[in-house]
Amino acid sequence: MDAPMIPYQSWPSNSEEALKLFKQFEKNLSTRRSVREYSRNPVSKEQIQALISLAASAPSGANKQPWHFVAIQDAEVKKQIREAAEEEEKAFYGGRASEEWLDDLKPFATNWQKPFLEDAPWLIVVFRKNYDFNDDGSKAKNYYVQESVGIACGFLIAAIHAAGLATLTHTPSPMGFLSKILGRPENERPFLLLPVGYPAKDGTVPNISKKSLDEISDFI
Ligand code: IYR
């Protein structure tokens, strides 16, 4: 297939306007936190659709868009997911995780219980498509799948926050139960499970901080 080039106008065109926009973006994103306690207040399907569309605008290897998003508000399906996730988490906290890992998790005060999987009005499960199918049913390759889906998830997390909502990058391990419950095909693997909703009114977050710019960068 031909790939005709089209003009691209980057925006904004002046640096003062650009700096203003960046400052707004920086201010907004700097208040993002991983949230584990959710209000049961509803979020519209249209809002979730807009967030997923934005995530899917992310760059990907050869523009293959090797992702699939399943958004769940059905209470019965959320309950099934919670029960299956808690089963895995019980095994994790009950001996599967190393002492070092459990020690590293202490600041987050987590345990096997995952009420957010039912409290949050929506769960979004992101699947990675290791390969795809051509129209004739033969296999089609995807490229840099891990990187591409990771970038799309970054877009999604930022978009959720910009929409005034909260989320958590939840990865119960292993996540195979999500493929079964949601009936996803063999070429897809669960990548991330994100509860989406408003933070609970009396909710708290861990008292943690980020490394300094000096620690995480070099300028040469
Ligand atoms: N999946 C478990 C454990 C866990 C692991 C990491 I790494 C975290 O940053 C947080 C939790 C859980 O969700 O409790």
Side-chain angles (χ1 to χ4, degrees), residues 29-40 43 48 51 55 67-128 145-161 165-182 184 188-200 202-212 215-216:
L29 211 52
S30 66
T31 58
R32 187 209 59 81
R33 294 297 308 264
S34 290
V35 167
R36 292 183 170 82
E37 294 159 287
Y38 290 83
S39 142
R40 285 179 171 259
V43 172
I48 300 297
L51 295 169
W67 42 61
H68 190 83
F69 300 85
V70 181
I72 303 135
Q73 64 171 333
D74 184 285
E76 183 50 40
V77 178
K78 287 198 297 182
K79 184 165 182 266
Q80 278 180 41
I81 290 176
R82 176 182 178 176
E83 284 169 0
E86 286 185 335
E87 191 116 327
E88 297 297 355
E89 298 291 12
K90 263 183 202 159
F92 175 86
Y93 286 97
R96 196 191 283 156
S98 65
E99 275 308 307
E100 183 182 2
W101 197 344
L102 292 177
D103 244 25
D104 282 337
L105 290 180
K106 278 188 181 143
F108 306 91
T110 52
N111 60 38
W112 63 268
Q113 289 172 302
K114 304 298 170 193
F116 56 76
L117 293 174
E118 286 192 276
D119 291 340
W122 289 92
L123 304 178
I124 300 178
V125 183
V126 185
F127 288 86
R128 48 173 287 169
V145 172
Q146 189 88 351
E147 292 84 346
S148 301
V149 183
I151 293 165
C153 287
F155 273 42
L156 181 58
I157 292 161
I160 290 168
H161 182 72
L165 295 163
T167 190
L168 169 73
T169 50
H170 184 44
T171 53
S173 169
M175 290 198 280
F177 66 86
L178 291 168
S179 299
K180 272 204 200 106
I181 292 173
L182 301 173
R184 298 313 304 167
E188 293 181 12
R189 290 284 180 267
F191 186 79
L192 203 55
L193 169 50
L194 300 138
V196 182
Y198 295 98
D202 51 357
T204 59
V205 292
N207 186 11
I208 53 172
S209 58
K210 296 298 183 191
K211 292 176 183 174
S212 72
E215 282 178 283
I216 58 120

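Counting starts at 1 for both ligands and their atoms, following the listed order. Numbers for residues simply follow the sequence, beginning at 1. For clarity, every value in this text was computed on a predicted model and none was experimentally measured.
Remark: His161 pairs with no residue by the ring-ring contact (aromatic ring centres under 6.0 Å, His included) rule, at least two apart or across chains. In terms of the side chain to side chain contact (heavy atoms under 4.5 Å, CB included) criterion, Ser30 has no residue partners (sequence neighbours excluded).
For the atom pair CZ of Phe177 and CD1 of Ile81, the computed distance is 7.0 Å after rounding to the nearest 0.5 Å.
Shortest contact from atom 2 (C) of ligand 1 to any protein heavy atom: Glu89 OE1, 3.1 Å.
Within the 3.5 Å criterion, the main-chain N or O of Leu192 finds no donor-acceptor partner in the side chain of Thr171. Formation of a donor-acceptor pair under 3.5 Å by the Glu215 side chain with backbone atoms of Ser212 is found in this model.
In this structure, Phe108 falls outside the shell of residues with a heavy atom less than 4.0 angstrom from ligand 1.
Taking the centre of each ring, Trp67 and Phe191 stay at or above the 6.0 Å mark.
In terms of N/O distances under 3.5 Å, ligand 1 is approached by Tyr93.
The His170 neighbourhood of ligand 1 comprises atoms 13 (O), with distances under 4.0 Å to a heavy atom of that residue. The ligand atoms of ligand 1 that sit less than 4.0 angstrom from a heavy atom of Lys114 are 12 (C), 13 (O), 14 (O). Residue Phe92 has at least one heavy-atom neighbour below 4.0 Å for each of these atoms of ligand 1: 3 (C). Near Thr171, meaning under 4.0 Å from any of its heavy atoms, are these atoms of ligand 1: 1 (N).
Contacts between Trp101 and ligand 1, counted as non-hydrogen atom pairs separated by less than 4.0 Å, involve the side chain only.
A salt bridge links Arg82 to Glu118: one of the charged nitrogens lies within less than 4.0 Å of a carboxylate oxygen.
The heavy atom nearest to atom 4 (C) of ligand 1, out of those in Leu102, Leu105, Thr169, is found in Leu105.
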